[in-house]
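Computed from a predicted structure; not experimentally measured. Numbering of ligands and ligand atoms starts at 1, following listing order.
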Amino acid sequence: MMNDTLKTIFNRRSVRTFKPEQIENQALDSIVSAGQYAPSGMNHQPWHFTVVQNRELLADINTLCKAVYMQWDNPALQERVKAENFSAFYHAPTLIVVSGDATSLTPQFDCALALGTMFLAAASLGIGSCWIHALQSFHDLAEGPAMMKKLQVPEGYRIFGSGAFGYSAQELPLPKPRKEGAVTILR
Ligand SMILES: Cc1cc2nc3c(=O)[nH]c(=O)nc-3n(C[C@H](O)[C@H](O)[C@H](O)COP(=O)(O)O)c2cc1C
């Protein structure tokens, strides 16, 4: 079976080259609303969405992402990070940071579903996206709390993920083959 929703799901790919132009406010509203309509454990909706489009703040976030990557034991990544124009979120014009109430029931899952839902909403509107993971390590950095304050992450919340959004400047690649044997059907 096939319909427009399924086509969006199958055709969405992570985008890692973005055009500099900003996405329309109406599209942003729809994407963030879609995230808020994701399922959540016992409907706690324990999330907060911080949309960052300010260039200086994006640059500051990138600086902290670099610090996170430099802490990881990955020499190849550390080499890439040193490049002058390195951007952890591929110079996307919009970054949506999803934080969750750490005392809630299932915040990590809820925030991941919110991000996944926003990626699909974006794809349905012709907007590219990519999960950017480094931000969830901000709380391990000395500068982390100050940045989370700047991002207006609510007290007691932690960052579970973020998404880069913008118009794709790349041909979308075909999906990698799906792993075999990943499905068991018991009838
Ligand atoms: C939890 C999670 C973390 C990810 N972190 C990153 C990341 O930090 N940077 C990045 O470029 N892609 C990241 N990705 C994107 C994956 O690499 C991508 O989804 C995967 O390769 C499949 O490709 P597709 O999204 O095009 O289908 C992440 C995806 C998930 C689900």
Side-chain angles (χ1 to χ4, degrees), residues 2 5-20 31 34-35 38-41 46-52 58-83 85-100 102 106-141 144 147-148 151 157-180 182-183:
M2 192 51 70
T5 305
L6 289 168
K7 274 185 206 158
T8 299
I9 291 169
F10 292 131
N11 292 332
R12 181 213 55 82
R13 294 276 76 75
S14 292
V15 167
R16 296 189 176 86
T17 314
F18 290 95
K19 293 181 182 169
I31 291 167
S40 63
W47 42 49
H48 185 80
F49 302 81
T50 305
V51 178
V52 187
L58 286 170
D60 290 346
I61 293 171
N62 191 41
T63 301
L64 283 206
C65 288
K66 288 183 191 179
V68 168
Y69 289 146
M70 292 311 279
Q71 286 184 346
W72 292 0
D73 185 23
N74 184 335
L77 179 62
Q78 289 173 354
E79 225 19 73
R80 273 180 46 217
V81 166
K82 286 181 197 153
N85 70 343
F86 176 83
S87 167
F89 36 89
Y90 312 105
H91 303 283
T94 294
L95 188 71
I96 303 181
V97 183
V98 183
S99 55
T106 50
Q108 186 170 11
F109 306 102
D110 304 332
C111 290
L113 268 172
L115 272 162
T117 304
M118 289 195 290
F119 294 156
L120 290 175
S124 78
L125 297 171
I127 292 168
S129 63
C130 187
W131 183 303
I132 307 299
H133 205 55
L135 284 80
Q136 65 97 40
S137 297
F138 278 7
H139 68 279
D140 296 334
L141 296 176
M147 175 53 81
M148 285 166 73
L151 295 173
Y157 279 42
R158 54 163 297 180
I159 296 173
F160 286 105
S162 75
F165 292 85
Y167 294 106
S168 176
Q170 67 180 81
E171 219 25 58
L172 286 189
L174 288 173
K176 299 246 167 64
R178 300 297 98 178
K179 278 193 179 166
E180 282 186 29
V183 181

Give me the ring orientation class for W47 and F49: parallel if the planes are under 30° apart, tilted from 30 to 60°, perpendicular past 60°. tilted

Residues in ring-ring contact (aromatic ring centres under 6.0 Å, His included) with F119, at least two apart? F165

In short, side chain to side chain donor-acceptor pair (under 3.5 Å) pairs touching residues 109-123 with sequence neighbours left out are T106-D110

Going through the distances and angles, do V81 and F86 end up as a side-chain contact (heavy atoms from CB on, under 4.5 Å)? CA-CA 6 Å; V81 166; F86 176 83; 3.9 Å; yes

Which donor-acceptor pairs under 3.5 Å do side chains of residues 127-136 form with protein atoms, sequence neighbours excluded?
from, atom 1, to, atom 2, distance (Å)
W131, NE1, H133, ND1, 3.0
Q136, OE1, R158, NH2, 3.4

As a test of reading the model: which N/O atoms of the protein lie under 3.5 Å from N/O atoms of ligand 1, and at what distance?
from, atom 1, to, atom 2, distance (Å)
ligand 1, 8 (O), H133, N, 3.0
ligand 1, 9 (N), W131, O, 3.4
ligand 1, 11 (O), R16, NE, 2.8
ligand 1, 11 (O), R16, NH2, 3.4
ligand 1, 11 (O), Y90, OH, 2.4
ligand 1, 12 (N), R16, NH2, 3.1
ligand 1, 12 (N), W131, O, 3.3
ligand 1, 17 (O), R16, NH2, 3.0
ligand 1, 19 (O), S14, OG, 3.3
ligand 1, 25 (O), R12, NH1, 2.9
ligand 1, 25 (O), R12, NH2, 3.2
ligand 1, 25 (O), S14, N, 3.4
ligand 1, 25 (O), S14, OG, 2.6
ligand 1, 26 (O), R13, NE, 3.3
ligand 1, 26 (O), S14, N, 2.7
ligand 1, 27 (O), R12, NH2, 3.2
ligand 1, 27 (O), R13, NE, 3.3
ligand 1, 27 (O), R13, NH2, 3.2

Walk me through it: do I31 and T94 pass the test side-chain contact (heavy atoms from CB on, under 4.5 Å)? CA-CA 12 Å; I31 291 167; T94 294; over 6 Å; no

